[in-house]
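So the structure is just underneath, and the comments pick up after that.
As the structure is a computational prediction, the values presented were derived from the model and not from experiment. Numbered from 1 within each chain, the chains take letters A, B, ... in sequence-line order.
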Amino acid sequence: MKKLSKIYLGLVLFFLYVPIFVLIVFSFNTTKSRTVMSGFTFDWYIKLFRNEIIMESLWNTIIIAVIASITATILGTAAAIGINNMKKVPKAIVMNITNFPIINPEIVTGVSLMLLFVFFAARMNFEFGFWTLLIAHITFSVPYVILNVMPKFRQMDPFLYEAAQDLGCNSRQAFFKVVLPEIMPGVLSGFMMSFTFSLDDFIISYFTSGSDSQTLPVTIYSMTRRKVSPEINALSTIIFLVVVIVLVLKNVIERKSENNKVKVKGEKV
Amino acid sequence: MKNKLIAAPYLVWMVVFILVPLIMVGYFAFTDKEGNFTLDYVADVAQYSQIFVRSIWLAAIATVICLVISYPLAYILTGFSKNTQSTMLMIVMLPMWMNFLLRTYAWMTMLGNNGIINTILGFIGLGPFKMLNTEGAVVLGMVYNYLPYMILPIYSVMVKIDKSVIEAASDLGCNPWKTILRVVFPLSLPGVMSGITMVFVPAISTFIISRMLGGGGNLLIGDLIEMQFLGNAYNVNLGAAISLVLMVIILLIMTIMNQFDNDDGAVLL
């Protein structure tokens, strides 16, 4: 049983990783062939970094992800506080609408925003581009922030805020010194989710971006539509490496802090 | 803290960018180009019933395959020590952090007639098989892209199952298979249900996987919608009508799933 389960695990990992490794291997190929390795080269990486369209859309992607996730975090945290204090019925209505972008297929969210932008673009004389992308990214990010922050209020002692005020905090101090630290884990995970979803989003960006302002996934899509270029492989390799480094670092940090916690507990005993 | 106004910016955002766009989808679905009320476009959706059936069918197959692969995997994962579990989980989830366009592109290059799979098969004297641009390739792409969405919820429910419940079952005379069937499975049902929705919803509405791996011949609902908004077939009203029908189908399926989750879960317990 033990051996069988190890073989099974190995097979699933094989399935998950082989396509990625094939991509990586052929990013070093001297020819455009996807089956025969004719030699080793870094040419495609050099070409990638000289590709202005890719570099520009990478820059766009990062800027939009940063602005959208910060805006969504502030907007969503404030919303969570307000929603938390609402009466039952308005709360249920707001939460149901908030859930919509999460349960709805992304394509419907993308299309619905596109309809809105088309309507206003004609009347207010603006074009699809940076701003439509940013608005779309904030819109699909805020619900995740709210859903991450709301449970923290449920876990928090409702009288904490009043206690802080009784002990001499004004309402601003009570919020920033007492409430915010309590809900911070939710705020942070909401922010991280928004940031990664924004970096990774293709479908909604595809419907809301213009020709002059695109994000990296949209550019990748148009590259795969044209012809096969090992530049995509090179890009995949770099993205894969970044992901591996970030995830390993995250894991190491988490484990360290957990070990520290255990140590502190151990000393107390 | 008692100030509800703090949610006001989000409420405005929510109405303008979530609610109004959805209402616009409804509006365009039920009006013609001049803005007069009509049921024509919604009725026209019936013409595409074949595409709807194909989308539901392929998404359902992909969901079942994901479930069959993920369930044993999640079970195996829970058997490891805690540190190994988090490492293994990271390794399983890591491919998901690569953009799904790149992951799909990887399969596109591998499945082609000159792709690496056919080349390897050629060495043993088999093939070449037509793998790209088939329904099978679309299902494969769905399974590959959405597998982690099935593994994660099942795993997170399974890991919370009290080990003493399983021990109690074997003490009371269950053999290992019976324990899985009668104890572990019913307890893990909520995870299975959310896994099914998390795979089925993106699978049924995808247009990238079908386009990259299915060629032109395997249109799905997503392709149909995309064509009405950004493609040659440009017809916003029909696109909105199809989106509306897709939304209704998904809401129906989710309601059914929730029903099943609540009732049968309780009965089985």
B/Val201 and A/Ile103: which non-hydrogen atoms are nearest, and at how many Å?
CG1-O, 3.9 Å

Under a 3.5 Å cutoff, is there a donor and acceptor pairing between the side chains of A/Ser236 and B/Tyr105?
no

For the CZ atom of B/Arg103 and the CZ atom of A/Phe240, what is their distance to the nearest 0.5 Å?
11.5 Å

Checking B/Thr119 against chain A: side chain, backbone, both or neither under 4.5 Å from a heavy atom?
side chain

Region of B/Pro9 that comes under 4.5 Å of a non-hydrogen atom in chain A:
both

Among A/Val108, A/Ile203, A/Ile107, side-chain contact (heavy atoms from CB on, under 4.5 Å) partner for B/Ser205
A/Ile107

Can you say whether A/Val94 sits under 4.5 Å from chain B via the side chain, the backbone, both, or neither, judging by heavy atoms?
both

Interface moiety of B/Ile250 toward chain A, non-hydrogen atoms closer than 4.5 Å:
side chain

Where on A/Leu247 is there a heavy atom nearer than 4.5 Å to chain B: the side chain, the backbone, both, or neither?
both

Go through A/Leu13, A/Ile138, A/Asp201 and name the one with the most non-hydrogen pairs under 4.5 angstrom from chain B.
A/Ile138

Which residues pass the salt bridge (Lys or Arg N to Asp or Glu O under 4.0 Å) test with A/Lys250, sequence neighbours left out?
A/Glu254

Please determine, among B/Ala240, B/Gly222, B/Pro72, the option with the most heavy-atom pairs under 4.5 Å with chain A.
B/Pro72

Taking the side chain as every heavy atom from C-beta outward, state whether A/Ile146 and B/Tyr10 have any pair of such atoms under 4.5 Å apart.
yes

Test side-chain contact (heavy atoms from CB on, under 4.5 Å) on B/Tyr27 and A/Leu115 and set out the steps.
CA-CA 10 Å; B/Tyr27 172 80; A/Leu115 283 177; over 6 Å; no

Check: A/Pro101 and B/Ile18 side chains under 4.5 Å, non-hydrogen atoms:
yes

Contacting moiety of B/Val25, where chain A heavy atoms sit under 4.5 Å
both

Ranked by heavy-atom pairs below 4.5 Å to chain B, first place among A/Ala78, A/Pro143, A/Gly76 goes to A/Ala78

More than 12 foreign heavy atoms under 6.0 Å from CG of A/Asn251: is that the case here?
yes

Working to the nearest 0.5 Å, report the span between CG of A/Asn233 and OG1 of B/Thr109.
6.5 Å

Measure distances from A/Phe15 to the heavy atoms of chain B and classify the residue's part below 4.5 Å as side chain, backbone, both or neither.
both

side-chain contact (heavy atoms from CB on, under 4.5 Å) between B/Trp97 and A/Ile239, worked out:
CA-CA 9 Å; B/Trp97 292 88; A/Ile239 293 179; over 6 Å; no

If you take all heavy atoms of A/Ser112 and B/Leu22, which pair is closest and at what distance?
CB-N, 4.2 Å

Closest heavy-atom contact between A/Phe202 and B/Phe207?
CE2-CZ, 4.0 Å

Can you see whether B/Thr87 engages A/Arg255 through a side-chain donor-acceptor pair at a distance of less than 3.5 angstrom?
yes

Against chain A, label B/Phe80 side chain, backbone, both or neither, depending on which of its atoms sit under 4.5 Å from a heavy atom there.
side chain

Engaged part of B/Ile23 at the chain A interface, taking heavy atoms whose separation is under 4.5 Å:
neither

At their closest point, which heavy atom of B/Ala7 faces which heavy atom of A/Gly82, and how far apart are they?
CB-CA, 3.7 Å

Rounded distance (nearest 0.5 Å) linking atom CZ of A/Phe26 with atom CE of B/Met110
10.0 Å

Under a 4.5 Å heavy-atom cut-off, does chain A meet the side chain of B/Met198, its backbone, both or neither?
neither

Non-hydrogen side-chain atoms of B/Met14 and A/Leu75 separated by less than 4.5 Å:
no

Side chain of B/Asn99, backbone of A/Pro217: donor and acceptor closer than 3.5 Å?
no

Any idea which heavy atoms bring A/Thr224 and B/Met108 closest together, and the distance?
O-CE, 4.1 Å

For atom NZ of B/Lys33, decide whether the heavy atoms of other residues, nucleotides or ligands shown that lie under 6.0 angstrom number more than 12.
yes

What distance separates B/Phe28 CZ from A/Phe119 CZ, expressed to the nearest 0.5 Å?
7.5 Å

Chain B heavy atoms under 4.5 Å from A/Met86: which part of the residue, side chain, backbone, both or neither?
both

Atom group of B/Ile116 that falls short of 4.5 Å from chain A, counting heavy atoms:
both

Within 6.0 Å of CZ in A/Phe207, more than 12 heavy atoms from elsewhere:
yes

Which atoms of B/Ile204 are under 4.5 Å from chain A, going by heavy atoms: the side chain, the backbone, both sets, or neither?
neither

Examine distances only and state if a side-chain atom of A/Tyr221 and a backbone atom of B/Leu101 form a donor-acceptor pair shorter than 3.5 Å.
no

After noting the C-alpha distance and the side-chain angles of A/Tyr206 and B/Ile208, does the key distance pass the side-chain contact (heavy atoms from CB on, under 4.5 Å) rule?
CA-CA 11 Å; A/Tyr206 179 65; B/Ile208 293 307; over 6 Å; no

Partner chain A: residue of B/Met96, B/Met212, B/Met98, B/Met93 with the largest heavy-atom pair count (under 4.5 Å):
B/Met98

If you round to the nearest 0.5 Å, how far is CG of B/Leu102 from CD1 of A/Ile20?
9.5 Å

Which heavy atom in B/Val92 sits nearest to a heavy atom in A/Leu16, and how many Å separate them?
O-CD1, 3.7 Å

What part of B/Ile91 gets within 4.5 angstrom of chain A, counting heavy atoms only: side chain, backbone, both, or neither?
both

Quick one: does A/Tyr8's side chain have a donor or acceptor within less than 3.5 Å of a partner on B/Ile76's backbone?
no

Hey, what do you get for OG1 (A/Thr109) to CZ (B/Phe17), rounding to the nearest 0.5 Å?
14.0 Å

4.5 Å side-chain heavy-atom contact, B/Glu226 and A/Val111
no

Non-hydrogen atoms of chain A under 4.5 Å away: do they reach the side chain of B/Asn118, the backbone, both or neither?
neither

